[in-house]
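Note sheet for the following structure.
Naming: A, B, ... by sequence-line order, numbering from 1 per chain. Just the heavy atoms: all of them, side chains too, but no hydrogens, waters or symmetry mates, feed the values below.
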Amino acid sequence: MYQEAYLAVETALKDATGAADVLLDDGGDHADLASTVAFALAKTEKKSPVVIAGDITKKITETLAAAGITVSTTGPYINFVFGTAYVAGVVEAAFQPDYGQLPDVSGRVCIEHTSANPNGPLHVGHIRNSVIGDTLSRVFRKTGHNIDVQYYLNDMGRQIAIVSWGFDFLDIPQNEGEKDDHYVARVYVAANRALKADPSIKEEIDRRMGLIEQGDPETVEKFRRAVSLCAEGIKVTLNRLNTPHDRFVWESGFVQDGSMVKILNRVEALPESSHDDILAVDLTECGFKKEYVLRRSDGTSVYAARDLAYHTWKGENFERFIDVLGADHKLIGAQLQATMKLLGEKAPEIVFFEFVSLPEGSMSTRAGKFISADELLDEVTKKAFDEVTTRRPELPEEERRAIAASVAVGAVRYDIVRVSQEKSTVFDWRQALDFERQSAPYIQYSHARACSILEKAGEFTPSYALSTESEIALAKHIGLFPVVLQTVMDELRPHHLAIYARDLADLFNAFYHADPVLKAEAGVRDARLTLVRAAQNTLSEVLQTLGVDAIRSM
RNA sequence: GGGCUUGUGGCUUAGCCUGGAUAUAGCGCCGGGCUUCUAACCCGGAUGUCGAGGGUUCGAAUCCCUCCAGGCCCGCCA
């Protein structure tokens, strides 16, 4: 709908002016679209922009009127307002199930997100990765992509060697009811403490690192057990957050199947590679000062080597592959991309997000200094349950618990996704526990209100004759949903969708207060019910794309 | 030291890539609104040197340069 209207305006302006770029933007409060092309033409035509704007308006008014678009001039600005046909078209489209869903496109897309080291539970920093990655995944699905969501499990790292040492030498039993990943973190923290107190332990850790690379069965089994235990706990948290993965890819798999050695052999053949005693790629040509080390002088490989093999595999199986990574991976990520290109392989697209820190400083799993995602979810759920109990004491406890769970996940996700990813943030309990405007519960509440109206209304005949200011504003915003999805796709920045959802809820609430629905006279009632249904459907689709439950009552 | 990145009312934040009409919202503050479709709501008000300075332009929060401040990275760790 929007695309067609945009195109009609653009074509008319191009025909009238002959300009290649007719400088269209969204018009803000003034209009649905606005052009500042008159400024640009003022130089060449040696006339004032105001006169030019007037002339252009005269030329195109009639053509666009046929398309239901009103043209007007305010000083040098040419404004375009979409008419009733557009509004009706939007509401009709949004009335359909799956509004915003685009037809399937060919080519598989891999999105890798979270991929936190399995040495402890996910904390509030990790889940920024999960929420951004999962929201992008949902937007990709919504726009017709066949996607595979992956978690890369670093099961060969030093921290796993430390955990496995802790399990062998520290007698730390699991507490009653303690979640597996939290238990692993406790062992990890204790092992690190022991390591600090007695540096000779380092030798044993190094020995394990060598054994794991050689594929020593006993060591492999020890690592595997520790990693599995932690990963199972992490999966529970991911499911709670509505950020599930299609598969977990084990780092060690690329050593075992020989693909890492294969890719390292190809790297050795590169003119940019140096292999006196280590294997490294010289990336100074690509603007990097540091060489990219893949194999140590003792012959063992580093993480980057497995990463190269993993991404080569992705390139063989996916049209596009996107990694969501913390900003601390910017350098290593760029080096990976550069090396993949030198090898003639497709490079990953990388979405970076900045860090979440605590008011007292940055988080550290090793130091046990973090707020876990589980703790956050528990606290928010508790608050949500109290809220729902205050507001809806008549509901059975089971239902109140279900609402609280949906509200809590929504609140946590929205609090994260609403901020653009390039901003570093400080975790704030007050904000996390705020269920008012600019929160998912606010949007969920609008949706529940719409559902409530529709339930009370019963059957009605769809009608598209809208006229009041708040009706039109709401309908027009509904029409922007597909545009916003496209923006998120283009920029790989999901916060746009969060902002859109908040604005949509704002407009629905304004309409709700300004224009009565059920009590309106017959004809108006049908039209408003149609709008409510379209708004409810859009809110539901947006919430689902944000990974938030569109609950019907709260 | 070098690289990347952020700086918008007291706090949090959109807009910046692709320059344009009174800079987007929330929290907090002040004042109103529940006999009316769910008040997790709505309406109104106060609060801004868009980090600082220079430049480009008819026009700069937006582009360029310099500086200041915060975050991240610069390992034969992952």
Side-chain angles (χ1 to χ4, degrees), chain A residues 21 23-25 27-31 34-36 38-40 42-43 48-49 74-77 79 115 117 119 154 156-160 209 251 277-280 287-291 293-304 306-307 326-332 334 352 354-355 357 362 384 387-388 390-392 407 411 418-420 422-426 428 430-431 434-446 448-457 490-491 495-496 498-499 502-503 505-506 508-510 512-520 528-529 532 553-554:
Chain A
D21 183 357
L23 305 170
L24 270 176
D25 69 20
D29 298 336
H30 313 280
S35 170
T36 53
F39 286 110
K43 259 178 243 150
S48 92
T74 308
Y77 301 93
N79 291 328
S115 302
N117 284 330
N119 56 349
N154 304 139
M156 296 182 67
R158 188 162 203 90
Q159 64 295 113
I160 306 306
M209 290 298 286
E251 179 184 1
D277 57 338
I278 62 167
L279 174 63
F288 298 100
K289 288 188 181 155
K290 302 296 291 185
E291 56 181 6
V293 177
L294 297 171
R295 197 161 54 209
R296 304 180 183 94
S297 53
D298 66 4
T300 59
S301 62
V302 301
Y303 170 86
R306 276 92 69 181
D307 216 14
D328 54 336
H329 286 70
K330 275 190 180 179
L331 177 60
I332 200 86
F352 290 107
E354 283 290 340
F355 267 48
S357 56
S362 46
E387 289 283 330
V388 74
T390 308
R391 292 162 204 280
R392 307 291 299 279
V407 164
R418 60 180 248 271
V419 181
S420 50
E422 61 273 13
K423 272 197 173 144
S424 47
T425 61
V426 177
D428 181 348
R430 220 200 62 196
Q431 255 168 48
D434 182 6
F435 300 154
E436 295 187 1
R437 296 180 74 183
Q438 297 212 355
S439 74
Y442 169 76
I443 301 159
Q444 289 172 304
Y445 185 69
S446 305
R449 274 176 150 178
C451 289
S452 171
I453 292 178
L454 293 168
E455 207 169 294
K456 291 194 168 117
D490 292 345
E491 298 184 14
H495 79 287
H496 289 298
I499 305 299
R502 182 250 290 165
D503 288 340
D506 278 349
F508 177 77
N509 285 326
Y512 178 94
H513 282 274
D515 300 327
V517 177
L518 296 178
K519 284 179 185 149
R528 287 190 181 157
L529 278 169
V532 170
S553 166
M554 63 186 279

Straight-line distance of [X] [atom1] to [Y] [atom2], nearest 0.5 Å:
X	Y	atom1	atom2	answer
A/T300	A/R295	OG1	CZ	9.5 Å
A/E455	A/S553	CD	OG	8.0 Å
A/L529	A/I453	CG	CD1	7.5 Å
A/D328	A/S362	CG	OG	11.0 Å
A/Y77	A/L23	OH	CG	12.0 Å

Is [X] touching bases, backbone alone, or none of the nucleic acid, heavy atoms closer than 4.0 Å?
X	answer
A/D490	nothing
A/D515	base
A/V388	base

Could you tell me which nucleotide pairs with [N] by Watson-Crick or G-U wobble geometry, both distances under 3.5 Å, or answer none if nothing does?
N	result
B/rA60	none
B/rC17	none
B/rU47	none

Tell me whether the side-chain N/O atoms of [X] come closer than 4.0 Å to OP1 or OP2 in [N].
X	N	result
A/K423	B/rU12	no
A/R418	B/rU12	no
A/S420	B/rA14	yes
A/Y512	B/rU36	no
A/Y303	B/rG75	no
A/K289	B/rG3	no

Can you identify which nucleotide, out of [options], has its nearest atom closest to the [X] side chain?
X	options	result
A/N509	B/rC77, B/rA14, B/rC41	B/rC41
A/D277	B/rC4, B/rA39, B/rC76	B/rC76
A/T74	B/rA21, B/rC37, B/rC58	B/rA21
A/Y442	B/rA78, B/rC41, B/rG15	B/rC41
A/I499	B/rA14, B/rA40, B/rG33	B/rA14
A/F39	B/rC58, B/rA21, B/rC37	B/rC58
A/S424	B/rC37, B/rA78, B/rG71	B/rG71

Which atom pairs link the protein and nucleotides 26-28 of chain B when you take only N or O atoms and keep those under 3.5 Å?
residue, atom, partner, partner atom, Å
B/rG26, OP1, A/R437, NH1, 2.3
B/rG26, OP1, A/R437, NH2, 3.2
B/rG26, O4', A/Q438, NE2, 3.0
B/rG26, O2', A/R437, O, 3.4
B/rC27, O2', A/R430, NH2, 2.9

Mind checking the [atom1] distance from [N] to [M]? Whole angstroms is fine.
N	M	atom1	result
B/rA78	B/rC67	P	37 Å
B/rA23	B/rG1	C1'	38 Å
B/rC29	B/rA46	C1'	8 Å
B/rG3	B/rG15	C1'	27 Å
B/rC50	B/rU13	C1'	13 Å
B/rG9	B/rA52	P	10 Å
B/rA69	B/rG51	P	16 Å
B/rU49	B/rC68	C1'	16 Å

### Query
Less than 4.0 Å between a side-chain N and a carboxylate O, is that true for A/R437 and A/D506?
yes
### Query
Is A/R306 salt-bridged to A/E251, going by a charged N under 4.0 Å from an acidic O?
yes
Using a cutoff of under 3.5 Å, can you pull out all pairs of nitrogen or oxygen atoms linking the protein to nucleotides 72-74 of chain B, with atom names and distances?
none

### Task
Taking the six-membered ring of A/F508 (Phe, Tyr or Trp), confirm whether the NZ or CZ of A/R449 is under 6.0 Å from its centre and within 45° of its axis.
no
### Message
Heavy-atom nearest nucleotide on RNA chain B for A/P441 versus A/R306: which residue maps closer to 5'?
### Response
A/P441
## Note on the structure
The residue, A/N117 or A/S35, whose nearest nucleotide of RNA chain B is more 5′ is A/S35
Using a 3.5 Å distance criterion without hydrogens, assess whether the side chain of [X] forms a donor-acceptor pair with backbone atoms of [Y].
X	Y	value
A/R528	A/A520	no
A/N117	A/N119	no
A/R418	A/S439	no
A/R392	A/M554	yes
A/D307	A/Y303	no

### Message
Tell me the interatomic distance from A/Q444, atom CD, to B/rC41, atom C1', rounded to whole angstroms.
### Response
15 Å
### Query
Without hydrogens or angle criteria, can the side chains of A/N154 and A/S115 be said to hold a donor-acceptor pair below 3.5 Å?
no
### Message
Under the criterion of centre distance below 5.5 Å and interplanar angle below 30°, is A/Y77 classified as stacked on the base of B/rG20?
### Response
no
### Face-to-face stacking of A/H495 with B/rA14, centres under 5.5 angstrom, angle under 30°
no
Using a cutoff of under 3.5 Å, can you pull out all pairs of nitrogen or oxygen atoms linking the protein to nucleotides 29-32 of chain B, with atom names and distances?
none

